[in-house]
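First comes the structure, then the notes that go with it.
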There are 2 protein chains.
Amino acid sequence: MAFKDLDPLLHNQLRLSIISLLIGVESAEFKYLLDKTEATRGNLSVQITKLKDAGYVDVKKTFRNNYPLTTCKITAKGVDAFEKYVDAISGYLNK
Amino acid sequence: MAFKDLDPLLHNQLRLSIISLLIGVESAEFKYLLDKTEATRGNLSVQITKLKDAGYVDVKKTFRNNYPLTTCKITAKGVDAFEKYVDAISGYLNK
DNA sequence: ATAAATTAGTTTATTCTATAAACCTAATTA
DNA sequence: TAATTAGGTTTATAGAATAAACTAATTTAT
């Protein structure tokens, strides 16, 4: 029972929160993720970008009521990575 | 269901491996942890020291066959922290 | 009309962390 | 006596995390 590698991208509290939230919904707005994670805007912005660059989430930038609106949606790749992560870390948890 | 904080000390692959291994045994030698984790000696040494400084493990330094021998044992505080960590991260995993 | 505050983020600068590489001391073997 | 091995520790550097500062436009108050 060797330890499996933990995807460094997901092994981060905020990014894991984001993915965890996105798993449960069709898509989520920046503000929604901000409220749920209680992160700072800057940190949230950075971590969303990393997840986007990895292909784990799709980010759509539009406008609503004249204000910018950022919407995030987990990709198939993201779902897959999350499932692998859950499987891997489970190996660390059950003694 | 807010996200609980993940103890930064345990939210690290190698340190979590160490604790995970120590949970299952009475005590473990440096070499044993080295083999099981497949870490470098340097990194293992550093991370054991951090766990010791946090009071999560007791480290005993003796000699065997004239060679230094480092033995690690998880403390009650370490067990407690691990259980809290398992509880916290579980909240991220089940969608 | 213009100053102040709000929305919705991004960029940057700094601190913190992780890790490999280098090092150390003593013992053993060639 | 010179490598090699055992069993680690220390340090140097790269990378990651995050708060603070910034951008750009909109709305509200004066």
Side-chain angles (χ1 to χ4, degrees), chain A residues 3 5-22 27-54 56-73 81 85 88-89 92, chain B residues 3 5-22 27-54 56-73 81 85 88-89 92:
Chain A
F3 292 107
D5 277 343
L6 298 173
D7 183 345
L9 214 76
L10 293 187
H11 197 58
N12 163 272
Q13 184 154 341
L14 181 49
R15 287 193 299 269
L16 191 58
S17 302
I18 295 168
I19 289 291
S20 179
L21 287 166
L22 291 181
S27 71
E29 297 174 9
F30 189 94
K31 184 64 161 61
Y32 174 83
L33 296 174
L34 191 64
D35 291 345
K36 289 289 186 180
T37 62
E38 295 174 11
T40 60
R41 289 166 192 280
N43 195 11
L44 183 59
S45 175
V46 167
Q47 306 310 333
I48 287 175
T49 298
K50 286 186 184 178
L51 291 170
K52 185 199 67 179
D53 290 349
Y56 288 6
V57 305
D58 277 337
V59 178
K60 228 159 273 177
K61 277 161 192 303
T62 58
F63 281 86
R64 183 174 58 189
N65 305 330
N66 293 327
Y67 284 113
L69 176 69
T70 299
T71 310
C72 303
K73 181 171 164 49
Y85 179 83
I89 198 156
Y92 291 76
Chain B
F3 292 108
D5 278 344
L6 299 173
D7 183 344
L9 213 76
L10 293 187
H11 197 57
N12 163 272
Q13 184 154 339
L14 181 48
R15 287 193 300 268
L16 191 58
S17 302
I18 296 167
I19 290 292
S20 179
L21 287 166
L22 292 181
S27 71
E29 297 174 10
F30 189 94
K31 184 63 161 59
Y32 174 83
L33 296 174
L34 191 65
D35 291 344
K36 288 289 187 179
T37 62
E38 295 175 10
T40 61
R41 289 164 192 280
N43 196 12
L44 183 58
S45 174
V46 168
Q47 307 310 334
I48 287 174
T49 299
K50 286 185 184 178
L51 291 171
K52 186 200 68 179
D53 290 349
Y56 288 6
V57 305
D58 277 338
V59 177
K60 226 158 275 176
K61 276 159 192 304
T62 57
F63 282 86
R64 184 174 56 189
N65 304 330
N66 293 328
Y67 284 115
L69 177 69
T70 298
T71 309
C72 303
K73 183 172 163 48
Y85 178 82
I89 198 156
Y92 292 76

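If you check every strand for non-hydrogen atoms under 4.0 Å, Leu69(B) touches sugar and phosphate atoms only. Nucleic acid contact for Tyr67(A): base, since at least one base atom lies under 4.0 Å from a heavy atom of the residue.
Under the side-chain hydrogen bond (donor to acceptor under 3.5 Å, both in side chains) criterion, Lys73(B) pairs with Glu26(B), not counting sequence neighbours. For Asn12(A), the side-chain hydrogen bond (donor to acceptor under 3.5 Å, both in side chains) test picks out no residue, with sequence neighbours left out. Not counting sequence neighbours, the partners of Thr70(A) by the side-chain hydrogen bond (donor to acceptor under 3.5 Å, both in side chains) test are Lys61(A). By the side chain to side chain contact (heavy atoms under 4.5 Å, CB included) test, Ala28(A) is found to be paired with Leu22(A), Val25(A), Tyr32(A), Leu33(A), residues two or more places apart in sequence or in another chain being considered. Scored by the ring-ring contact (aromatic ring centres under 6.0 Å, His included) test, Tyr85(A) finds His11(A) as partners (sequence neighbours excluded). Residues forming a side-chain hydrogen bond (donor to acceptor under 3.5 Å, both in side chains) with Asp5(B) (at least two apart in sequence, or on another chain): Gln13(A).
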Protein-proximity profile, nucleotides 10-19 of chain D, B/S/- by nucleotide at the 4.0 Å heavy-atom cutoff, equals B------SBB
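Applying the salt bridge (charged side-chain N to carboxylate O under 4.0 Å, His left out) test to residues at least two apart or on different chains, the pairs with a partner in residues 33-46 of chain B are Lys31(B)-Asp35(B).
Think of the region where chain B sits on DNA chain C: with heavy atoms and a 4.0 Å cut, that region ends 5' and 3' at dA18(C) to dT28(C).
Side-chain N or O atoms of Asn65(A) include none that pairs as donor or acceptor with a backbone N or O of Tyr67(A) at under 3.5 Å.
Mapped onto DNA chain D by nearest heavy atom, Leu44(B) and Asn65(A) fall at different nucleotides, with Leu44(B) at the one closer to the 5' end.
If you take CZ of Arg64(B) and C1' of dG7(D), they are 11 Å apart, rounded to a whole angstrom. If you measure from atom NZ of Lys61(B) to atom P of dA6(D), you get 18 Å, rounded to the nearest angstrom.
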